[in-house]
Amino acid sequence: MEHVVIIGNGIAGVTAARHIRKLSDKKITIISGETDYFFSRTALMYIYMGHMNYEHTKPYEDWFWEKNRIELKKAWVEKVTPEKNLLTFANGETMKYDKLIIASGSKSNKFGWPGQDLKGVQGLYSKQDLDSLEEYAPNNKVCKRAVIVGGGLIGIELAEMLTTRNIPVTFLVREKDFWDNVLPESNAKLINDHIIEHHIDLRLEVNLKEILSDENGRARAVVVAETGEEIPCNLVGLTAGVSPNIDFLKESGIELGRGVKVNRYLQTNFENIFALGDCAEQQEPTGERRPIEAVWYTGRMMGEVVAQTICGNKTAYKPGHWFNSAKFFDIEYQTYGWVFHDPREGEAHFHWLHQDGKKCITINYQVESRKFVGINTFGIRMRHEVFDRWLTDERSVDEVVENLAQANFDPEFYKGFEQEIKNKFKSEQKTNA
Ligand SMILES: Cc1cc2nc3c(=O)[nH]c(=O)nc-3n(C[C@H](O)[C@H](O)[C@H](O)COP(=O)(O)OP(=O)(O)OC[C@H]3O[C@@H](n4cnc5c(N)ncnc54)[C@H](O)[C@@H]3O)c2cc1C
């Protein structure tokens, strides 16, 4: 019987396993060094915040795997030898496969900062990171201040987590405004204000120089590169992005770029080896999507697609229109299509900001053709299926603004500012004409 081995028990690997089981009788083994069972990485923050315990984050009961004949192995894969269809584990054991799926996820970026490996210095990615956070920042007596380095979605989650335990947080952000390498300026400024409102000591346009150690090898302070200021702290959160977790593949002969290079069938340079999820790097264009996308739903989509291919129904990965959502403390953020910091050539942004400073919309569109390109919303929940359709149908920006209420999750709430948005849009279009 064909043996499909999957490295990684995250959303990508587990979805692949479940769908291969639905479609076939193949022997399936999932390997992970992190945890015995699949858990929801996106829920890590809620464990620390006390909203759920670790058991609640497991999407499937522990009996599910045996019942579905999916074998689980807790181990670290140290080496892959494609010529022999062989895996070698850290303890020296080996395992043969017929087909291999690499779904090894991401790792937190470290940029060689002095002190980055001290105790109390960590990313926020794994279950081990959560355990370490409990050790070094259980409360504000053990951890008198935390410093977070790198402003992105994970950094702000960590800030929110720490503030729920009343731990003072200093946030070092390299950019001019929070996450402005992604967000338009007005959006980024709204988030700056919101972070400060939550009593975070937000420092913009600063870099980490080094992390200082106490006599026990624990972090005791960080030094800011620009000013030389020493900020005493007991925890340093490194949240300057993530990158594919592929170091163990370096000697394997599997083609690597920033991630594991795959074609549109998620196949590597070896016919029987596939890669999915955060660690995969697309070699062929998938619309306007990025080659590496570290989001939950793309891992799930890739898992479904690869299961089809492995079970004989060769299927290309077609992720469709980009969308994403997140929360910045109390403000929900959604994005559909493409909105960049600055409009690209031939494109323009329409911005609307509510007077409460907590809701805003930015719409990106093509000036000549009027084609709607994308939207960011803050504090206003929109319907994915409506924007997905509008993007596919290539609706005009005028139609989108006119019909925004249709896309709104809560039309009653939206009525409060619907007219204001339309009026602002119309008056700006007149001025620009
Ligand atoms: C704190 C946090 C919050 C997030 N929130 C969101 C969100 O709100 N929305 C969203 O879309 N995305 C979110 N993400 C991103 C999302 O969680 C990831 O995109 C997704 O989990 C990646 O799934 P994956 O299956 O590719 O990899 P992973 O979930 O990383 O799974 C890979 C597994 O493989 C294991 N592994 C790796 N190498 C080896 C090896 N050599 N041997 C054995 N095992 C190995 C790893 O330990 C890991 O368990 C968040 C991520 C984090 C960290």
Side-chain angles (χ1 to χ4, degrees), residues 5-18 29-49 57 59 72-80 87-91 93 95 100-109 122-130 133 148 150 152-161 237-239 241-250 252 254 259-260 262 266 274-281 290 292-304 306 319 322-328 332-335 384:
V5 175
I6 302 169
I7 305 175
N9 69 351
I11 182 65
V14 160
T15 305
R18 284 177 42 241
T29 305
I30 307 182
I31 301 162
S32 173
E34 184 182 8
T35 52
D36 288 320
Y37 297 103
F38 170 45
F39 73 98
S40 170
R41 198 170 295 294
T42 57
L44 271 180
M45 72 182 298
Y46 302 110
I47 304 176
Y48 183 84
M49 285 161 59
T57 67
L72 304 179
K73 181 169 175 71
K74 184 150 189 276
W76 291 108
V77 175
E78 207 166 66
K79 196 171 150 203
V80 179
L87 303 182
T88 309
F89 296 103
N91 65 2
E93 273 179 43
M95 182 183 279
L100 177 66
I101 298 177
I102 301 165
S104 54
S106 297
K107 60 176 170 38
S108 306
N109 287 334
Q122 63 164 93
L124 177 65
Y125 191 82
S126 62
K127 171 72 168 53
Q128 285 76 10
D129 290 336
L130 187 75
L133 199 60
I148 299 176
L153 296 178
I154 295 181
I156 201 163
E157 279 197 4
L158 183 57
E160 182 174 358
M161 290 160 71
L238 300 180
T239 57
V242 297
S243 41
N245 184 13
I246 55 169
D247 289 348
F248 69 103
L249 300 170
K250 276 198 177 131
S252 67
I254 298 170
V260 183
V262 292
L266 306 173
F274 300 79
L276 335 167
D278 280 22
C279 71
E281 178 176 349
R290 297 186 179 95
I292 300 175
E293 291 180 338
V295 286
W296 183 263
Y297 71 88
T298 54
R300 197 182 51 224
M301 283 178 175
M302 290 188 217
E304 289 173 14
V306 89
W322 168 247
F323 68 94
N324 198 11
S325 65
K327 247 182 110 195
F328 299 98
E332 244 183 281
Y333 154 70
Q334 294 180 326
T335 188
H384 174 216

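Both counts, for ligands and for their atoms, begin at 1 and track the order of listing.
Atom numbering of ligand 1 starts at 1 in the shown order; those under 4.0 Å from a heavy atom of Ile154 are 52 (C), 53 (C). For ligand 1, the atoms closer than 4.0 angstrom to any heavy atom of Glu34 are 46 (C), 47 (O), 48 (C), 49 (O). Taking a cut-off of under 4.0 Å to the non-hydrogen atoms of Asn245, the atoms of ligand 1 that pass are 37 (C), 38 (N). Interface atoms of ligand 1 facing Ala12, defined by a heavy-atom separation under 4.0 Å, are 25 (O), 26 (O). Numbered from 1 in the order shown, with element, the atoms of ligand 1 that lie under 4.0 Å from a heavy atom of Ala75 read 42 (N), 43 (C). Ligand 1 places these atoms under 4.0 Å from at least one heavy atom of Asn9: 33 (C), 49 (O). The ligand atoms of ligand 1 that sit less than 4.0 angstrom from a heavy atom of Gly10 are 25 (O), 29 (O), 31 (O). Atoms of ligand 1 lying under 4.0 Å from at least one heavy atom of Glu157, given by number and element, are 1 (C), 2 (C), 3 (C), 5 (N).
Nearest residue to atom 8 (O) of ligand 1 from Ile102, Val295, Thr42 is Thr42 (criterion: closest heavy atom). Comparing Ala294, Gly8, Gly277, Gly303 against atom 15 (C) of ligand 1, the shortest heavy-atom distance belongs to Ala294. Heavy-atom proximity to atom 30 (O) of ligand 1, evaluated over Phe89, Phe38, Phe323, Tyr125, is greatest for Tyr125. Atom 53 (C) of ligand 1 has its nearest heavy-atom neighbour, among Val80, Leu124, Leu276, in Leu124.
Note on ring orientation: taking the six-membered ring where Trp is involved, the planes of Tyr297 and Phe323 are parallel (angle under 30°, cut-offs 30° and 60°).
Considering backbone and side-chain atoms together, Val77 places an N or O closer than 3.5 Å to an N or O of ligand 1. For a threshold of 3.5 Å applied to N or O pairs, the pair formed by Asp278 and ligand 1 contains at least one separation below that value. At least one N/O-N/O distance between Gly33 and ligand 1 falls below 3.5 Å. Polar contact with ligand 1: present for Trp296 (N/O pair, distance under 3.5 Å). The shortest N or O to N or O distance between Trp76 and ligand 1 is not below 3.5 Å. Ligand 1 has no nitrogen or oxygen under 3.5 angstrom from a nitrogen or oxygen of Leu44. Considering backbone and side-chain N/O atoms, Arg41 comes within less than 3.5 Å of an N/O atom of ligand 1.
Proximity of Cys279 to Asn245: side-chain heavy atoms (C-beta onward) are nowhere separated by under 4.5 Å. Side chains of Ser40 and Trp296 form a contact here, defined as non-hydrogen atoms less than 4.5 Å apart. At a threshold of 4.5 Å between non-hydrogen side-chain atoms, the residues Arg290 and Trp322 count as touching. Ile31 places a side-chain heavy atom less than 4.5 Å from the side chain of Leu87. Taking 4.5 Å as the limit, every side-chain heavy atom of Lys327 sits out of range of all side-chain heavy atoms of Met45. Contact of the Ser243 side chain with the Lys107 side chain is registered, since non-hydrogen atoms from C-beta on lie closer than 4.5 Å. Thr42 has its side chain out of reach of Ile11: every pair of non-hydrogen atoms, C-beta onward, lies at least 4.5 Å apart. Two residues are said to be in side-chain contact when any heavy atoms from C-beta on lie closer than 4.5 Å; Asp278 and Tyr125 meet this criterion.
Asn324 and Thr335 share no side-chain donor-acceptor pair at under 3.5 Å.
The nearest protein atom to atom 32 (C) of ligand 1, hydrogens excluded, is given as Ala103 O, 3.3 Å; this is a heavy-atom distance. With hydrogens left out, the protein atom closest to atom 23 (O) of ligand 1 is Ile11 CG2, 3.4 Å, a heavy atom. At the top of the distance list for atom 27 (O) of ligand 1, counting protein heavy atoms only, stands Gly105 CA, 3.2 Å.
Panel note: side chain Ser104, backbone Gly8; no donor-acceptor pair is recorded below 3.5 Å. For the pair Asn9 (side chain) and Thr35 (backbone), a donor-acceptor distance under 3.5 Å is present.
Sorted by first and then second residue, the salt bridge (Lys or Arg N to Asp or Glu O under 4.0 Å) pairs involving residues 29-42 (not counting sequence neighbours) are Glu34-Arg41.
For the ligand labelled ligand 1, residue Ala326 lies outside the 4.0 Å heavy-atom shell.
Between Leu100 atom CG and Ser252 atom OG the span is 9.5 Å, to the nearest 0.5 Å.
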